[in-house]
J.: 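Provided herewith is a single structure, encoded as C-alpha cells, for subsequent inquiry.
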Amino acid sequence: MDLRWSRRPDESDEPRVEKDGDLWRIRSMEVARQVLRARHATTQAGFTAEAIPQGFLKNHPILFSDGPLHDEQRSKVARFFAPKVVATRYQELMDAAADAVMADAQSQSSFDLDELSLYFTVEVTAEVVGLTNSKVRPMSRRLVKFFNQPAFDITRKDLGRTNKQWMQAALNGLWPVVRFWLADVRPAIRARRKQPQEDVISHLIAEGYGNMDILVEATTYGTAGMVTTREYICMAAWHLLKHDALRARYLAAEEKERHSILHEIIRLEPVVGHIYRRAQDDIEITDGDESWTIKKGDLIDLYIRHTNADPEAVGAEPLNLCPGRELPRGVNETVMSFGDGAHKCPGQHLAISESDALLRRLLARNVEIISEPTMGWDELISGYMLRGFSLRIGAGQWSPVEQEAVS
C-alpha cells in the first residue's frame, strides 16, 4: 500500500548510492547514517550555509557550526529540549495555546489549518527561545517573510542564481531581519539583560553573545521551530482526517502510542526532504556488499524521503502507515526525519509533543474538510508546504462510522 503524499516528480527512487561528478546522492538509510555519524568528517552544506560569509559573526550559529564548537553548543542548549523539560516546563503552555487557537477556530465558520498551526507553533517556539516581549501573530507573519526568496540550486557554487536574483534575495531578506530585530529580538534582549529567564536568549546573553549573534540564533530557532512543525501538523492532520481507523486509534491511545503514530506519519512524510553535507575528509561507505569512497570536497545529498522508505531498514510496505513497525536496533521510529549524528535536531520531542497537543483537540471535534491543501515546495529546507487547508468544525464530538483496518 502506498500512502505517501509528499512526492516530487523530479526525484528518482534509484540507485541507492549514486555518484554524479563530485555530487553523491544517498537513498540508503544505512549509508546516510554512516555519513552523518562520520564525526567531524563533514560540514553543513544545507540551508545555503556555504554562501554565508565567514568571520562576519563572533559566534558561529549552531545550525551552521561543526566539530567541537557544535558539540559544545549542543551540550549547552540540550537542557531546553530534553523530554523531561518539555513535559514539566512546556506542556501546560502547549495545552493552553492549543485550547486558545481551537476556541478561535471553533468561533469561525471555517479556518485554514496552515494559518492556525503557524500561530500555535510560533507561540510555543517563542517561549522556548525567549521571544515573549512582542505579539505572536505579527511575529508569525514576520517570520514567514524570511522564506520569500528566489529559487536556488544547492549543488552549484553560485546556487544557480543570477546577480539580479542575488540582489533580490538580499532585499527580500534584509527588511524582514530588520523588522524582526526591532519588534521582537531587541525587546527580548533588553528584558533578559535586566531579568534573565530559563530560555535560549538568556543563555546566549550569559555566554557573551552580542546582539548580532543573538539575532541570528533567534532567527534560526524561530524559523526552524515554526516552519517544520507547522507543516507537519498539517500533514499529520490530513492523514488522520482521511483515515478514520487511524484517527480513532490515535484518539483512544495513551501518550506513548499517540507519539508512535505521529512518529510513523513523519517517517512516511518527513518535512525536510534532503540533508546536505560537505566532505572534509575521505569517507568510506558501504551498502551490503558494495563500498565506495567519498572524496574530500564532495557534496553529499541525503534523500530523506527515500532513506525513510528504505525496505532494508523499515521492512515490508515502507510506504504504508504502520505505527509500531519493527525496526532494526538503534533506528529511531522517525528514522531520519530529524537527522542523525551530531546535527540531529534537538527539538524532536518538543515538535512531537506540541503537535500532539493541538491534534488531540482538533481531531476530537467534528471536523469537516472544506478544501484539501495544495502542496508546494520550499527549497530552503528542501521540504513541502501545505497551504489552503480549509476546515470547518461542526457541533458535537467526532465518532467513526466505520473503521477500516489499520496495521
J.: Can you tell me if Ser202 uses its side chain to pair, donor with acceptor, with the backbone of Gln197 under 3.5 Å?
T.: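 Between the backbone of Gln197 and the side chain of Ser202 there is a qualifying donor-acceptor contact (under 3.5 Å).
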J.: Got Phe338 and Ile266 here, is their nearest side-chain heavy-atom distance under 4.5 Å?
T.: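 When only atoms from C-beta onward are counted, Ile266 and Phe338 do touch, with a gap below 4.5 Å.
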J.: Leu268 pairs by side-chain contact (heavy atoms from CB on, under 4.5 Å) with which of Asn308, Asn320, Leu3?
T.: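 Of Asn308, Asn320, Leu3, side-chain contact (heavy atoms from CB on, under 4.5 Å) with Leu268 is met by Leu3 alone.
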J.: Checking Arg8 side chain against Gly273 main chain: does a donor-acceptor pair fall under 3.5 Å?
T.: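 Flag not set: sc Arg8 to bb Gly273 has no pair under 3.5 Å.
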J.: Less than 4.5 Å apart, any side-chain heavy atom of Ile275 and any of Val35?
T.: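 With C-beta onward as the side chain, the pair stays apart.
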J.: Looking at Trp398, does the NZ or CZ of Arg365 lie under 6.0 angstrom from its six-membered ring centre and within 45 degrees of the ring axis?
T.: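 No.
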J.: May I ask you to test the Trp238-His243 pair for a side-chain heavy-atom distance under 4.5 Å?
T.: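 No, every pair of side-chain atoms sits at 4.5 Å or beyond.
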J.: Give the minimum heavy-atom separation between Gly297 and Arg278, together with the two atoms involved.
T.: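 Heavy-atom minimum between the residues: O-NH1, 3.0 Å.
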J.: So, for Leu359 and Ala236, which heavy atoms are closest and what is the spacing to 0.1 Å?
T.: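 Looks like CD1-CB, 3.8 Å.
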J.: Tell me, with the steps shown, if Ser140 and Arg230 meet side chain to side chain donor-acceptor pair (under 3.5 Å).
T.: CA-CA 11 Å; Ser140 303; Arg230 174 197 190 184; over 6 Å; no
J.: For the backbone of Leu118 and the side chain of Thr121, can you confirm whether one donor and one acceptor N or O come within less than 3.5 Å of each other?
T.: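 Present.
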J.: Arg277 side chain to Thr42 main-chain N or O, any donor-acceptor pair under 3.5 Å?
T.: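 Yes; at least one donor-acceptor contact below 3.5 Å.
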J.: Taking the side chain as every heavy atom from C-beta outward, state whether Phe80 and Glu198 have any pair of such atoms under 4.5 Å apart.
T.: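 Heavy-atom side-chain distance check passes, below 4.5 Å.
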J.: Just jot down the side-chain contact (heavy atoms from CB on, under 4.5 Å) partners of Ile370, sequence neighbours excluded, or say none.
T.: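 Ser110, Ser390, Arg392.
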J.: Any chance you could measure Glu312, atom CD, to Glu30, atom CD, to the nearest 0.5 Å?
T.: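 Going from the CD atom of Glu312 to the CD atom of Glu30 covers 10.0 Å.
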J.: Give the minimum heavy-atom separation between Leu386 and Glu231, together with the two atoms involved.
T.: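 Heavy-atom minimum between the residues: N-OE1, 3.0 Å.
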J.: Taking it one step at a time, do Leu391 and Leu241 satisfy side-chain contact (heavy atoms from CB on, under 4.5 Å)?
T.: CA-CA 11 Å; Leu391 304 174; Leu241 285 169; 4.1 Å; yes
J.: Treating Arg267 as the side-chain partner and Asn332 as the backbone partner, does any N or O pair qualify as donor plus acceptor under 3.5 Å?
T.: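 Pair absent, no side-chain N/O of Arg267 close to backbone of Asn332.
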J.: Report yes if the side chains of Arg249 and Pro323 come closer than 4.5 Å at any heavy-atom pair, otherwise no.
T.: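 Answer yes - side chains close enough.
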J.: Apply side-chain contact (heavy atoms from CB on, under 4.5 Å) to the pair Thr286 and Val31, showing each step before the final yes or no.
T.: CA-CA 6 Å; Thr286 59; Val31 175; over 6 Å; no
J.: Is a salt bridge present between Asp112 and Arg387, judged by a nitrogen-to-oxygen distance below 4.0 Å?
T.: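 A salt bridge is absent here (no side-chain N lies under 4.0 Å from a carboxylate O).
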J.: Taking the side chain as every heavy atom from C-beta outward, state whether Ile265 and His263 have any pair of such atoms under 4.5 Å apart.
T.: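 Ile265 does not reach His263 side chain to side chain.
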J.: Is a donor on one side and an acceptor on the other found under 3.5 Å between the side chain of Ser355 and the backbone of Ala351?
T.: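 Pair found, side chain donor or acceptor close to backbone of Ala351.
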J.: Which heavy atom in Thr307 sits nearest to a heavy atom in Val335, and how many Å separate them?
T.: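 The pair with the smallest heavy-atom distance is O-CG1, 4.1 Å.
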J.: Indicate yes or no: does Lys242 engage Glu372 in a salt bridge with an N to O separation below 4.0 Å.
T.: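 Between Glu372 and Lys242 there is a salt bridge, with a charged N closer than 4.0 Å to a carboxylate O.
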J.: In terms of the angle between their ring planes, are His349 and His259 parallel, tilted or perpendicular, with boundaries placed at 30° and 60°?
T.: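 His349 vs His259 ring planes: perpendicular.
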J.: Would one find more than 12 heavy atoms of other residues, nucleotides or ligands at under 6.0 Å from atom CG of Asp10?
T.: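 Counting other residues, nucleotides and ligands, CG of Asp10 exceeds 12 neighbours.
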J.: List the steps, then state whether side chain to side chain donor-acceptor pair (under 3.5 Å) holds for Ser353 with Asp356.
T.: CA-CA 5 Å; Ser353 295; Asp356 184 39; over 6 Å; no
J.: Could you tell me whether the side chain of Asp2 and the main chain of Arg4 form a donor-acceptor pair under 3.5 Å?
T.: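 Checking the backbone N and O of Arg4 against the side chain of Asp2, a donor-acceptor pair under 3.5 Å is found.
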J.: Checking side chain to side chain donor-acceptor pair (under 3.5 Å) for the pair Asp287/Ser28: CA distance, chi angles, key distance, verdict?
T.: CA-CA 7 Å; Asp287 189 38; Ser28 156; 3.1 Å; yes
J.: Can Asp22 and Leu299 be said to form a side-chain contact (heavy atoms from CB on, under 4.5 Å), step by step?
T.: CA-CA 6 Å; Asp22 62 357; Leu299 179 64; 5.6 Å; no
J.: Given the rule in the salt bridge (charged side-chain N to carboxylate O under 4.0 Å, His left out) test, do Glu18 and Arg27 qualify, once you have shown the distances and angles that lead to the verdict?
T.: CA-CA 8 Å; Glu18 178 182 8; Arg27 302 177 180 91; 3.0 Å; yes
J.: Would you say Lys19 has more than 12 foreign heavy atoms packed within less than 6.0 Å of its NZ?
T.: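 Above 12, so yes.
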J.: Using side-chain contact (heavy atoms from CB on, under 4.5 Å) as the criterion, list what pairs up with Asn211, not counting sequence neighbours.
T.: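 Scan of Asn211 (side-chain contact (heavy atoms from CB on, under 4.5 Å), adjacent residues dropped) gives Trp181, Ile189, Arg193.
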J.: To the closest 0.5 Å, what do you measure between CG (Leu204) and OH (Tyr221)?
T.: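 That separation rounds to 7.0 Å.
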J.: With a 4.5 Å heavy-atom cut-off, do Arg192 and Asp199 have their side chains touching?
T.: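 Result yes, sub-4.5 Å side-chain heavy-atom pair found.
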J.: Begin from the C-alpha positions of Arg305 and Glu269 and carry the test salt bridge (charged side-chain N to carboxylate O under 4.0 Å, His left out) through to its verdict.
T.: CA-CA 7 Å; Arg305 275 182 290 277; Glu269 311 278 16; over 6 Å; no
J.: Apply the salt bridge (Lys or Arg N to Asp or Glu O under 4.0 Å) test between Arg25 and each candidate in Asp298, Asp301, Asp20; give the one that qualifies.
T.: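 By the salt bridge (Lys or Arg N to Asp or Glu O under 4.0 Å) criterion, Arg25 pairs with just one of Asp298, Asp301, Asp20: Asp20.
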J.: List the steps, then state whether side-chain contact (heavy atoms from CB on, under 4.5 Å) holds for Tyr90 with Val128.
T.: CA-CA 8 Å; Tyr90 303 126; Val128 178; 3.8 Å; yes
J.: Using a 4.5 Å cut-off on heavy atoms from C-beta on, say whether the side chain of Arg179 contacts that of Asp184.
T.: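 A side-chain contact under 4.5 Å is absent here.
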J.: What closest approach, in Å, do Gly347 and Phe81 show between heavy atoms, and which atom pair accounts for it?
T.: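 Residues Gly347 and Phe81, closest heavy atoms: CA-CD2, 4.1 Å.
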J.: Donor-acceptor pair, Arg325 side chain versus Val314 backbone, under 3.5 Å?
T.: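 Looks like yes, one N/O pair under 3.5 Å.
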J.: The criterion is side-chain contact (heavy atoms from CB on, under 4.5 Å); which residues satisfy it with Pro138, sequence neighbours excluded?
T.: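 Pro138 satisfies side-chain contact (heavy atoms from CB on, under 4.5 Å) with Lys135, Arg141, Arg142 once adjacent residues are dropped.
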J.: Minimum heavy-atom separation for Pro318 to Ala309, with atom names?
T.: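 Distance-wise, the nearest heavy atoms are CB-O, 3.3 Å.
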J.: Do His274 and Tyr303 have their ring centres less than 6.0 Å from each other?
T.: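 Here the rings of Tyr303 and His274 have centres that are less than 6.0 Å from each other.
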J.: Any side-chain to backbone donor/acceptor pair from Asp114 onto Gly388? Under 3.5 Å, distance only.
T.: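 A pair under 3.5 Å: yes.
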J.: Quick one: does Arg186's side chain have a donor or acceptor within less than 3.5 Å of a partner on Ala183's backbone?
T.: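 No; zero donor-acceptor contacts below 3.5 Å.
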